[in-house]
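Nothing here was measured: the structure is a model prediction, and the numbers come from that model. Residues: numbered from 1 along the sequence shown.
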Amino acid sequence: MMLYSRELEGDTEIEMGMIEDVVYSQEFLPTFETIPEGASVPKVEKAEFNGKSDSLFFNDGVRRIDFVLVYEDEDMKEIDKNRTFQKRKQRREYFEASLMKMGMELEAARSVVDEKLLFVKVHMPWDVLCTYAEVLHIKLPIQPNDLSTTSSPFNFLSCITRHFYPSEDLIAKETEYFTAPFEKDRLEYFYVKDRDLFFTPSMRSRMAYYILSRAPYEVRGNIKKFGVTKLLDGGVYKAAYPLHDCRFNVRSKEDECPNERYLLYNEWAHPKSFYKMQPLDLIRKYYGEKIGIYFAWLGFYTAMLALAAIVGLGCFIYGYTTQETSTWSKEVCDPLIGGNIVMCPQCDKECTYWRLNSTCESSKKLCIFDNYGTLVFAVFMAIWVTVFLEFWKRYQAELEYEWDTVEFLEQEEQPRPEYEAKCNHERINPVTRVKEKVPYTACGRCIRVSLGIGTVLFWIVLILASVVAIIVYRLAVFFSFSTRLQSDLKELEPFKEYVTAQMATSVTASIISFVVIMVLNILYERVAIWITDFELPRTKTDYENSLTLKMFLFQFVNYYSSCFYIAFAKGKVVGYPGQPVYLLGKYRNEECDPGGCLIELTTQLTVIMGGKAIWNNIQEVLLPWMKNLIFRYCTRVGSEKVIPRWEQDYQLQPIGKLGLFYEYLEMVIQFGFVTLFVASFPLAPVLALVNNLFEIRVDAWKIITQFRRMVPEKAQDIGAWQPILQGVAILAVASNAMIIAFTSDMIPRLVYYWSFSVYPYGDHSSHTMQGYINNTLSVFDIQDFSNKSRPLQTPYWFNNSTTCRYRDFRYPPGHHRQYEYSIYYWHVIAAKMAFIIVVEHIVYLTKFVLSYVIPDVPYTVREQIKREKYLSQVILHETNLKLVTKRLKPVADKILKHNEDQDEEMMDLYF
């Protein structure tokens with residue numbers, strides 16, 4: 001809750017008078033005309049390095065370094081008269097003078113390694129900290145939390161569980177406080193024990209970056225240019241970053257250093273601590289709420305995956321142990337059944353007849369994934385994802401309160417510097433009804449958004465075109481593999497059963513699809529950033545949400561389109577051997593294996609998930625490590641030289657502009673694979689769990705050891721990723737139901753199993769699967785082949801056979817409705833539709849009940865929020881009461897004195 005009253009020159013202006021300050025954050029800043037054009041600018045103080053490598057202070061040992069700017073000294077270059085370098089120098093000097101005019105203190109030091117480099121250390125004095133803590137509405141302690149916390153019923157297990165938590169001797173539990181938005185005029189109401197420690201280093205860095213992002217570096221009339229980001233892009237500065245507090249593997253020798261980086265490395269990022277819970281409070285304290293909420297979400301998601309992985313592994317083991325006992329699989333492999341069933345060619349002319357038992361091994365593998373356990377697991381995952389999202393909301397609400405981000409979006413977020421720089425139009429704010437500047441009119445915004453939507457749709461169409469191209473590749477290559485593998489594998493007889501034309505086509509197409517996905521990702525990333533920059537969102541959250549939506553829509557189509565094709569399109573519209581269906585009038589549509597396309601979908605998921613995990617680890621870990629290694633080798637110095645803290649950090653890799661965006665995107669895409677197609681691949685949660693256990697520690701190791709310290713940022717939640725996860729969860733129910741119905745062979749088998757008493761098919765007359773293969777493959781007369789599709793060759797074992805079999809439910813030749821869909825086909829379709837409707841309604845009803853029963857905010861958190869609001873109101877009341885009392889006291893004294901004088905006059909008259 002923001003407190004607005006101010007005392008201005010003896011008068012009290014309460015609440016409404018200062019609302020404009022929230023709308024115009026620039027009013028808290030000095031005007032851009034602080035330094036008149038042509039006026040002399042103050043110079044930055046320069047100091048020699050004092051030899052303390054771990055120092056976090058200026059040379060005086062008193063002023064803390066809150067930020068560091070790095071630039072290359074133009075005076076050290078032979079081309080210092082170059083106009084570009086002179087302009088850079090002028091901008092830098094003006095920018096640094098602006099910072100000093102804003103109250104910041106600067107100190108420059110030359111590099112120990114490269115004399116051309118200069119490091120400008122930035123310090124924020126107490127008054128400046130107080131001013132910008134109020135501007136940013138930073139919540140600070142007002143009193144210790146006096147609400148008792150409920151003890152866990154499992155405290156008796158603490159002697160065991162404490163080994164799985166970071167050592168409390170090293171990372172002590174922080175005291176909990178009730179907090180309120182800081183106000184400079186009410187400093188006495190805040191819990192200030194030590195001014196040097198009142199604002200944490202992450203708060204100080206955040207406030208410093210806020211000023212750096214808005215300080216002007218060039219003013220020409222009405223044209224105002226400001227922000228360190230533009231200076232970095234223009235080469236004026238080479239880097240800008242807050243300092244790590246120490247080396248990651250060595251404790252600092254400075255008494256004032258908390259060694260938080262060292263503690264995080266040993267208790268979180270080090271491989272020896274892989275089994276320990278994450279120290280989230282310390283992560284938040286060191287890196288800010290945005291980093292903390294990411295690792296909290298990743299840890300919670302990984303913990304919930306453990307249950308899904310156990311059930312999925314059980315389902316896989318069940319399928320693996322029953323593959324040899326499956327009746328329909330044994331019929332396929334039986335020489336007397338599958339060996340005597342001649343299958344029709346799957347392509348025109350070049351393909352020939354083949355025996356069903358040649359797919360024996362793939363049929364056994366299919367049994368591992370296509371069984372009744374998969375159905376149970378798919379329903380379980382639909383409920384699991386609901387429980388995961390609901391309990392995450394509860395956990396997130398606890399973190400919001402503990403980390404003081406409950407009202408962050410309503411109070412604290414300021415416009416982006418890029419937005420403020422383009423504000424040339426005026427409008428009436430719909431909330432405050434006062435004038436404010438905006439960068440575009442309503443028509444301009446509509447044009448920007450329309451252009452963005454059009455570009456995204458164009459790229460989605462481009463992805464779909466690439467999918468069609470891969471489909472054409474599959475159709476063309478299948479013909480080639482069908483003819484060549486028959487002769488090429490004669491020398492590799494042991495592998496002939498495993499390397500089939502369908503398998504070779506599936507694997508190569510999956511690899512090509514993965515390469516295309518990676519290439520399109522790189523291209524579209526640049527386009528999405530450009531579009532979002534062009535749209536010019538107001539706040540950092542708006543910017544990230546807009547970019548998130550664009551990138552996810554693209555990635556969704558890019559990663560999942562090939563999987564959706566295999567699951568719901570391949571083998572569904574193929575016609576029959578006498579009248580096949582052609583794509584683009586040339587390529588005959590490919591068919592599924594006699595057991596279905598499920599095994600091919602599993603292959604596609606394995607290739608994409610595995611390849612994506614390997615590529616991400618190379619990109620995220622190996623490349624930064626190699627860059628740092630090369631940089632240290634190129635800038636190595638003698639062992640006798642002492643390198644200061646700020647220069648050690650400069651040698652690390654800079655964090656990307658999008659920060660954690662790609663980490664979230666990677667995990668959400670994985671979440672889609674785990675939920676959308678889990679009915680075809682029960683091991684997906686297991687692979688995701690293993691990947692995430694490494695991902696947490698690898699991400700931790702990466703940001704602590706390989707990257708400069710990030711600028712701390714506030715975040716209330718995981719942003720636009722939350723509704724995206726909810727959307728994926730809803731789509732997953734329909735997706736898995738349709739995979740079981742249309743991709744797997746489960747529904748036809750169930751119809752066959754239960755049909756003996758209603759409509760027996762063939763020789764089927766009992767509750768068994770005997771005869772399923774023979775009675776569910778349609779018959780085709782080879783005389784009915786067209787000239788275009790008739791095979792050119794026949795195998796030696798074909799003899800005088802006149803028929804072949806194919807995967808479909810059609811009437812046999814000679815029937816008065818030959819080659820039309822049989823009654824069994826319509827029974828199966830009805831069963832599939834009924835299955836989808838029943839399963840979806842049951843699961844959606846369960847999801848709704850769970851969402852209603854599980855509250856988003858725990859009861860204890862609600863009580864603590866009420867207590868904190870009550871304390872804020874008490875402070876507001878007491879402060880306003882003092883202000884009113886102070887304001888009215890002279891008037892009351894006058895009235896009292898006047899009354900006393902009147903009483904004396906009356907007494908004189910009376911007597």
Side-chain angles (χ1 to χ4, degrees), residues 149-155 157 161 164-165 276-281 283-284 289-312 377-403 405-406 660 663-664 667-676 678 684-686 688-689 691-693 695-696 715-733 736 842-865:
T149 56
T150 55
S151 59
S152 172
F154 302 102
N155 280 342
L157 296 175
T161 58
F164 296 94
Y165 286 85
K276 291 185 179 181
M277 303 294 287
Q278 301 184 89
L280 293 176
D281 288 333
I283 297 170
R284 172 251 180 172
E289 288 77 8
K290 196 166 191 176
I291 302 291
I293 200 74
Y294 165 72
F295 281 104
W297 176 80
L298 181 57
F300 187 84
Y301 170 48
T302 304
M304 290 294 291
L305 271 176
L307 178 60
I310 292 172
V311 179
F377 184 56
V379 175
F380 166 82
M381 285 299 294
I383 298 173
W384 172 88
V385 73
T386 303
V387 174
F388 162 64
L389 291 175
E390 291 303 317
F391 276 97
W392 164 247
K393 289 179 186 177
R394 288 173 60 85
Y395 185 46
Q396 185 173 256
E398 295 178 12
L399 293 177
E400 284 178 19
Y401 171 74
E402 292 177 6
W403 294 354
T405 60
V406 174
L660 292 172
E663 308 297 337
Y664 273 117
M667 288 296 103
V668 172
I669 293 297
Q670 181 203 88
F671 180 80
F673 282 122
V674 168
T675 55
L676 289 173
V678 73
V686 178
L689 175 63
N691 177 79
N692 289 4
L693 289 174
E695 182 77 17
I696 292 174
Q716 187 176 24
D717 48 36
I718 61 175
W721 300 111
Q722 182 78 25
I724 287 175
L725 291 174
Q726 292 172 338
V728 171
I730 293 172
L731 182 61
V733 177
N736 284 296
I842 292 175
V843 173
Y844 282 137
L845 178 62
T846 306
K847 288 168 71 72
F848 173 77
V849 172
L850 288 173
S851 300
Y852 180 79
V853 170
I854 303 173
D856 291 347
V857 182
Y859 173 78
T860 55
V861 173
R862 288 202 302 268
E863 292 297 313
Q864 290 175 330
I865 292 174

Fill in: Partners passing side-chain hydrogen bond (donor to acceptor under 3.5 Å, both in side chains) against Glu402 (at least two apart in sequence or in another chain)
none
Item to complete: Enumerate the residue pairs fulfilling side-chain hydrogen bond (donor to acceptor under 3.5 Å, both in side chains) with a member in residues 292-306, sequence neighbours excluded, ordered by first and then second residue.
Response: Tyr294-Asp699, Tyr301-Gln670
Worksheet entry | Partners meeting salt bridge (Lys or Arg N to Asp or Glu O under 4.0 Å) with Glu663 (sequence neighbours left out) | Lys702
Fill in: Asn692 side chain near Met667 side chain, heavy-atom distance below 4.5 Å
yes
Discussion item. To the nearest 0.5 Å, what is the distance between CG on Asp856 and CZ on Phe391?
Written reply: 11.5 Å
Practice prompt. To the nearest 0.5 Å, tell me how far Arg394 CZ sits from Leu399 CG.
Written response: 12.5 Å
Worksheet entry | Side-chain heavy atoms of Phe388 within contact of Phe671, under 4.5 Å | yes
Fill in: Minimum heavy-atom distance Val385-Thr675, with the two atoms named
CG2-CG2, 4.1 Å
Worksheet item: So do Glu695 and Leu298 actually touch side chain to side chain, heavy atoms under 4.5 Å?
Response: yes
Discussion item. Is there a side-chain contact between Val857 and Glu400 in this structure, where contact means two heavy atoms from C-beta onward sitting under 4.5 Å apart?
Written reply: no
Worksheet item: Which pair of heavy atoms, one from Ile283 and one from Gly292, lies closest together, and at what distance?
Response: CG2-CA, 4.1 Å
Discussion item. Quick check: closest heavy atoms across Phe377 and Pro685, and the distance to 0.1 Å?
Written reply: CZ-CG, 3.8 Å
Item to complete: Let me see the working for Gln396 and Ile718 under side-chain contact (heavy atoms from CB on, under 4.5 Å), right down to the final yes or no.
Response: CA-CA 9 Å; Gln396 185 173 256; Ile718 61 175; 4.1 Å; yes
Would you tabulate the side-chain donor-acceptor contacts of residues 844-855 under 3.5 Å, counting partners in other chains and residues two or more places apart, or write 'none'?
unit_1, atom_1, unit_2, atom_2, d
Tyr844, OH, Ile730, O, 2.8
Thr846, OG1, Ile842, O, 2.8
Lys847, NZ, Thr386, OG1, 2.7
Ser851, OG, Glu390, OE2, 3.3
Ser851, OG, Lys847, O, 2.8

Worksheet entry | CD1-OH distance between Ile669 and Tyr664, expressed to the nearest 0.5 angstrom | 15.0 Å
Worksheet entry | Spatial distance of atom CG (Leu280) from atom CD1 (Ile293) [nearest 0.5 Å] | 9.0 Å
Discussion item. If I compare all heavy atoms of Val728 with all of Leu676, which pair ends up nearest, and what's the gap?
Written reply: O-CD2, 3.9 Å
Worksheet item: Nearest heavy-atom pair of Val861 and Ala397: which atoms, and what distance?
Response: CG1-O, 3.9 Å
Worksheet item: Among all residues two or more places apart in sequence or in another chain, which pass the side-chain hydrogen bond (donor to acceptor under 3.5 Å, both in side chains) test with Asp281?
Response: Trp403
Discussion item. Please find the pair of heavy atoms, one from Gln716 and one from Thr405, that lie closest to each other, and give the distance.
Written reply: CG-O, 3.0 Å
Worksheet item: With a 4.5 Å heavy-atom cut-off, do Pro858 and Tyr401 have their side chains touching?
Response: no
Item to complete: Go through the structure and list residues passing side-chain hydrogen bond (donor to acceptor under 3.5 Å, both in side chains) with Gln722, not counting sequence neighbours.
Response: Trp392
